[in-house]
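Heads up, the thing below is written out as structure tokens.
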Amino acid sequence: MFDHRHLISLEKFPKKDIQQIIDTAFNFKEVLERPIKKVPSLQGKTIVNLFFENSTRTRISFELAQKRLSADTVNFSASTSSLKKGESFKDTAQNIEAMKIDAVVMRHPSPGAPYQLKKFINAQIINAGDGTHEHPTQAILDMMSIQEKFGKIKDLNIAIIGDIYHSRVARSNIYGLVTMGANVTLCGPPNLVPKEISELGVNVNYNIDEVIEWADAVNILRIQRERMGIGLIPSSREYRRLFGVTYERMSRRDKELVIMHPGPMNRGVEIDSEVADSEQAIILEQVLNGVASRMSILYLLLGAKEEDGDEN
Ligand code: CP
């Protein structure tokens, strides 16, 4: 039983349901290994990918997931739409829904935009990243990748390093990993890792060398210059020196450190190329797991349940 109509946030999302998404994603990953990578699970469903912000991984993996599940899929891009002629968000959403769609996958630069969308349309909504708020499907694929690597999530030491303050990936990972019983430590410049965030059940440690020594896996976040004012970090070179996951830092450990990054990467800033391309990096496996995770989420929301569920 998967009793959700939407996937907008992982805050208060039940542990058993996160585990069900991950378990189902492993089943779909097997489909992706077959010569014919397609199942009929969402035949007859129509899904619109409503992207108001740039994306490579999330957008393509959602589209692939929809095609692998035999759904009909339509891509909307804000930059080539009638938004450019002054049409509102509400009118855009309601006109698209008038064409008889079942679900919307939306990325938007404003935190909370999916909750706004929910007021305007009846279709099911999946949050593909809303500003600095949440990116729940990224956290699911990250947790799937951790479980695949270690066989479990509970009791692992997971560090999230970088610009936590502006990161929707960090917020969704924190909710998900804490729910699943991992030990989570956040690390980054003090102005980008507010101490109050420890109220979410995580530790904060500003010493990256201690954090790398402690962790089983590190999820390294991009410096989000597009969401920052001037001066939040002194320079890329200074950032790398103080908080970059460098080859030198990684090599000091005597046991393997699993390297994760949601992408896009700033090589030579938060992560060195030698680290990103090392045997210890599972970054491209995360990308593949993104397709399987999104197949699982779409299937559980649209294909495997009654229409009435929780308004998550
Ligand atoms: N990880 C992630 O959200 O990447 P994109 O912005 O390319 O979708």
*Arg267 atom CZ: more than 12 heavy-atom contacts under 6.0 Å*: yes
*Check the surroundings of atom NZ in Lys37: do more than 12 heavy atoms from other residues, nucleotides or ligands lie under 6.0 Å from it?*
yes
*Are any of the side-chain heavy atoms of Ile223 and Leu192 separated by less than 4.5 Å?*
yes
*So, do Leu7 and Asn127 sit near enough that their side-chain heavy atoms are less than 4.5 Å apart?*
no
*Is there a path from Leu284 to Ile220 through hydrophobic residues (I, L, V, M, F, W, Y) whose side chains come within less than 4.5 Å of each other?*
no
*Less than 4.0 Å between a side-chain N and a carboxylate O, is that true for Arg249 and Asp272?*
no
*Can a donor-acceptor pair be found between the side chains of Gln66 and Thr73 at a distance below 3.5 Å?*
yes
*asked:* When you compare the side chain of Ile271 with that of Ile259, does any pair of heavy atoms fall below 4.5 Å?
replied: yes
*Can you find a pair of side-chain heavy atoms, one from Leu117 and one from Val104, that are under 4.5 Å apart?*
yes
*asked:* Minimum heavy-atom separation for Gly201 and Val178, please, with both atom names.
replied: O-CG2, 3.9 Å
*Dump the intermediate steps for side chain to side chain contact (heavy atoms under 4.5 Å, CB included) on Leu156 and Ile146, then the final yes or no.*
CA-CA 9 Å; Leu156 288 175; Ile146 291 168; 3.5 Å; yes
*Atom CD1 in Ile8, atom CE in Met106: separation rounded to 0.5 Å?*
8.0 Å
_Working for side chain to side chain contact (heavy atoms under 4.5 Å, CB included), residues Phe62 and Leu298_ = CA-CA 9 Å; Phe62 261 116; Leu298 290 166; 4.2 Å; yes
*Leu69, Ile297, Val291 screened by side chain to side chain contact (heavy atoms under 4.5 Å, CB included) with Phe28, the one that passes*: Leu69
*Asn266 side chain vs Val269 backbone, donor-acceptor pair below 3.5 Å*: no
*Nearest 0.5 Å please: distance from the CD1 atom of Ile283 over to the CG atom of Leu288.*
14.5 Å
_Nearest-0.5 Å distance that lies between atom CD in Glu270 and atom OG in Ser236_ = 9.0 Å
_Test side chain to side chain contact (heavy atoms under 4.5 Å, CB included) on Phe243 and Val193; report intermediate values, then the result._
CA-CA 12 Å; Phe243 292 103; Val193 188; over 6 Å; no
*asked:* Taking Val202's backbone N and O only, do any of them form a donor-acceptor pair with Ser198's side chain (distance below 3.5 Å, no angle check)?
replied: no
*Evaluate whether atom CG of Asp91 has more than 12 neighbouring non-hydrogen atoms of other residues, nucleotides or ligands under 6.0 angstrom away.*
yes
*For Ala113 and Asp130, work out which heavy atoms get closest and say how close.*
N-OD2, 4.1 Å
_Under 3.5 Å: donor-acceptor pair, side chain of Ser61, backbone of Thr58_ = yes
*Do NZ/NE/NH1/NH2 and the carboxylate oxygens of Lys149 and Asp216 come within less than 4.0 Å?*
no
*Side chain Gln280, main chain Leu257, donor-acceptor under 3.5 Å*: yes
*Distance-only, no hydrogens or angles: does the Ser172 side chain make a donor-acceptor pair with backbone N or O of Val169 under 3.5 Å?*
no
*Shared hydrophobic cluster for Trp214 and Leu177 (ILVMFWY, side-chain gaps under 4.5 Å)*: no
*Considering non-hydrogen atoms only, spot the tightest contact between His133 and Pro111 and give its length.*
CB-CB, 3.8 Å
_Side chains of Leu186 and Ile197 in contact at under 4.5 Å (non-hydrogen atoms)_ = yes
*Minimum-distance pair of heavy atoms, taken over all atoms of Ser81 and Phe76*: CB-CE1, 3.3 Å
*Where do Glu63 and Lys67 land on the salt bridge (charged side-chain N to carboxylate O under 4.0 Å, His left out) test, with the steps shown first?*
CA-CA 6 Å; Glu63 191 178 346; Lys67 289 184 190 322; 3.4 Å; yes
*Identify whether Leu200 and Val204 are in the same connected component of the hydrophobic contact network (ILVMFWY, side-chain heavy atoms under 4.5 Å).*
yes
*Could you grab the distance from atom CD1 of Ile101 to atom NZ of Lys45, nearest 0.5 Å is fine?*
12.0 Å
*Pi-cation contact, Phe51 with Arg107 (under 6.0 Å, within 45°)*: no
_side-chain hydrogen bond (donor to acceptor under 3.5 Å, both in side chains) partner of Asn289, the single match among Gln147, Arg294, Lys29_ = Lys29
*Could you tell me which non-hydrogen atom of Leu141 sits nearest to which non-hydrogen atom of Gly290, and how far apart they are?*
CD2-CA, 3.6 Å
*Would Met250 and Met265 show up in the same hydrophobic cluster when neighbours are defined by side-chain heavy atoms closer than 4.5 Å?*
yes
*asked:* Is it true that, when you exclude Glu33 itself, more than 12 heavy atoms of the residues, nucleotides or ligands shown sit nearer than 6.0 Å to its CD?
replied: yes
*Measuring from Leu221:CG to Ile164:CD1, what's the distance to the nearest 0.5 Å?*
5.0 Å
*asked:* Determine whether a donor-acceptor pair (N or O, by modelled atom type, separation under 3.5 Å) exists between the side chain of Ser70 and the backbone of Val39.
replied: yes
*Is there a donor in the side chain of Glu285 and an acceptor in the side chain of Ser145, or the other way round, less than 3.5 Å apart?*
no
*Looking only at heavy atoms, which two atoms of Glu11 and Glu134 are closest? And how far apart?*
N-OE2, 3.7 Å
*Using modelled atom types only, decide if a donor and an acceptor are shared between the side chain of Arg253 and the backbone of Glu256 within a distance under 3.5 Å.*
yes
*Are Asn122 and Glu97 linked by a side-chain donor-acceptor pair shorter than 3.5 Å?*
no
*Is any side-chain N of the basic residue among Arg252 and Glu248 closer than 4.0 Å to the acidic one's carboxylate O?*
yes
*asked:* Under the criterion side chain to side chain contact (heavy atoms under 4.5 Å, CB included), I'd like the reasoning laid out for Cys187 against Tyr206: C-alpha separation, chi angles, the key distance, then a yes or no.
replied: CA-CA 5 Å; Cys187 178; Tyr206 299 117; 5.8 Å; no
*Taking the side chain as C-beta and beyond, is there a heavy-atom pair between Asn173 and Leu10 under 4.5 Å?*
no
*Dump the intermediate steps for side-chain hydrogen bond (donor to acceptor under 3.5 Å, both in side chains) on Asp102 and Gln124, then the final yes or no.*
CA-CA 6 Å; Asp102 297 292; Gln124 291 179 255; over 6 Å; no
*Under 4.5 Å between side-chain heavy atoms, hopping through other hydrophobics if needed: is there a path connecting Ile153 to Phe150?*
yes
*Modelled atom types, side-chain donor and acceptor of Asp17 and His4, under 3.5 Å*: yes
*Look at the aromatic rings of Phe120 and Phe89 and report parallel, tilted or perpendicular, splitting at 30° and 60°.*
perpendicular
*Mind running side-chain hydrogen bond (donor to acceptor under 3.5 Å, both in side chains) on Gln286 and Asp142 for me, showing each step along the way?*
CA-CA 6 Å; Gln286 287 174 264; Asp142 289 342; 2.8 Å; yes
*Of all residues at least two apart in sequence or in a different chain, which pass the salt bridge (Lys or Arg N to Asp or Glu O under 4.0 Å) check with Glu238?*
Arg241
_Distance, nearest 0.5 Å, that separates OG of Ser110 from CD of Gln116_ = 9.5 Å
*Report yes if the side chains of Leu301 and His6 come closer than 4.5 Å at any heavy-atom pair, otherwise no.*
no
